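A short write-up of the structure that comes next.
Order of the sequence lines fixes the chain letters, A, B, ..., with proteins taken first and strands second; residue numbering starts at 1 for each chain. Small disclaimer: the values here were computed from a predicted structure and weren't measured.
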Amino acid sequence: MPEGPSIVILKELLLPYAGKIVQSAEGNAAIDLSRLSRKKILGIKSWGKHTLICFSDFYIRIHLLMFGSYSINEPKENRVPRLSLRLKGGELNFYTCQVKLVEGKPDKDYDWEADVMGDAWNAAKALEKIHTLDSALVCDVLLDQQIFSGSGNIIKNEVLFRLAVHPESQVQAMPQSILKKLVKETRSYSFDFYHWKKANVLRKHWLIYKKAICPRCHTPVTSTHTGKGKRLSCFCPDCQQLYH
DNA sequence: TCCAATGTTTCGCC
DNA sequence: GGGCGAAACATTGG
């Protein structure tokens, strides 16, 4: 579920509820739910994998993490929501997610230019951030939410395959032209992801992630855990060049 | 049945 | 204090 493009889809589903007043707020989230009662939802925003429900003096930050889910107007049976908002003409339910109440406006907390799916995305700035890194591996850089907010493990693997770059390449050693493509392709693939996810055909467009054979050269795909977070990397050992 | 997975934070240890 | 690994959270599908 929860890479950036999926969160943009969630945001779009929530947008019709902007302007509505919360009639009641329930759930087992460790926040003061009474703060929400009778308050008007002023806006719905997203930043990477964060979903923001904005009120006048604070906002609710929802992160679905690995297993989070939601339902709109159809509560799941036998499940206690982490957060449930009853509105006039609707009910928003979030399960198994991280919920925080943050004081103030989101603008003070978020660099909108880092959101890969966002209107304010700044590719040049992302490139600059990459240049400040010492010895980072590209597989880690593509999961760095301060640089590519919203990029996740699927996006990482598919982008690296498109660029024919080995996940354990050091960004320092990669030519500038490839780094530029990396930045561009991460946004571009994220939008492909978004459209495929919306059409429920994301999985069949995976070229390397969880695949057995490289679609370009038919070499067996290597699947191994890489980088600081030891996240799964699927790559073609023949097509994807290692820069080091 | 068991394991791993589209994620992140926190804690303990060196 | 930085860096690393493990644990914690907790659901679903293969």
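- Along DNA chain B, the nucleotide nearest K49(A) and the nucleotide nearest K100(A) are compared for position; the residue whose nucleotide lies closer to the 5' end is K49(A).
- Here K228(A) does not reach the OP1 or OP2 of dC4(C): none of its side-chain N or O atoms lies under 4.0 Å away.
- In this structure, the CH2 atom of W47(A) is 12 Å from the C1' atom of dT8(B), given to the nearest Å.
- Checking L101(A), V102(A), D32(A) one by one against F58(A), the side chain to side chain contact (heavy atoms under 4.5 Å, CB included) holds for a single residue, L101(A).
- The closest side-chain donor-acceptor pair between D107(A) and W112(A) falls under 3.5 angstrom.
- Atom P of dT1(B) sits at a distance of 22 Å from the matching atom of dA10(C), rounded to the whole Å.
- Looking at heavy-atom distances under 4.0 Å, L232(A) makes contact with sugar-phosphate atoms alone, never a base.
- A distance of about 24 Å separates the C1' atoms of dT6(B) and dC4(C), rounded to the whole Å.
- Regarding K198(A), its NZ atom lies at a distance of 25 Å from the P atom of dT6(B), rounded to whole Å.
- Nucleic acid contact class of Y95(A) (heavy atoms, under 4.0 Å, all strands): none.
- Per the geometry, CG belonging to D140(A) stands 14 Å off C1' belonging to dG7(B), to the nearest Å.
- If you check every strand for non-hydrogen atoms under 4.0 Å, H225(A) touches sugar and phosphate atoms only.
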Output, in order, the C-alpha distance, side-chain angles, deciding distance and verdict of side chain to side chain donor-acceptor pair (under 3.5 Å) for E12(A) and Y194(A). CA-CA 12 Å; E12(A) 290 171 352; Y194(A) 165 83; 2.7 Å; yes

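- The CG atom of L64(A) sits 11 Å away from the P atom of dG7(B) (whole-angstrom rounding).
- Note: CG (D144(A)) to P (dG7(B)) measures 13 Å, nearest angstrom.
- Using modelled atom types, one finds no donor on one side chain facing an acceptor on the other under 3.5 Å when comparing S149(A) with D115(A).
- One interatomic measurement links the two molecules: NZ of K210(A) to P of dC3(B), which rounds to 16 Å at whole-angstrom precision.
- Clustering ILVMFWY residues whenever any of their side-chain heavy atoms sit less than 4.5 angstrom apart, transitively, puts I44(A) in a cluster other than the one holding W47(A).
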Problem - Criterion side chain to side chain donor-acceptor pair (under 3.5 Å) on N153(A) and Y209(A), from CA distance to verdict - result: CA-CA 9 Å; N153(A) 210 33; Y209(A) 182 70; 4.7 Å; no

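- Contact annotation for R79(A): backbone-only contact, meaning every heavy-atom pair under 4.0 Å involves sugar-phosphate atoms and none involves a base.
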Read 5' to 3' with Watson-Crick or G-U pairs under 3.5 Å, [ ] for crossing pairs and | for partners on another strand, DNA chain C gives .||||||||.||||

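- To the nearest angstrom, P of dT9(B) lies 13 Å from CZ of R231(A).
- If you check dT8(B), dC4(C), dT6(B) against the side chain of I154(A), the one that comes closest is dT6(B).
- Comparing dT11(C), dT6(B), dT8(B) by their nearest atom to the side chain of L65(A) picks out dT8(B).
- Mapped onto DNA chain C by nearest heavy atom, F67(A) and R203(A) fall at different nucleotides, with F67(A) at the one closer to the 5' end.
- Set against dT6(B), dT9(B), dA10(C), the side chain of T96(A) has dA10(C) as its closest nucleotide.
- Ring geometry for Y189(A) versus W196(A): interplanar angle over 60°, hence perpendicular rather than tilted (30 to 60°).
- Ring geometry for Y110(A) versus Y59(A): interplanar angle of 30 to 60°, hence tilted.
- Following rounding to the nearest Å, L142(A) (CG) and dT6(B) (C1') show an atom-to-atom distance of 14 Å.
- The side chain of K230(A) places an N or O atom within less than 4.0 Å of a non-bridging phosphate oxygen (OP1 or OP2) of dG5(C).
- Contact check, R82(A) against dC9(C): no side-chain N or O comes under 4.0 Å of OP1 or OP2.
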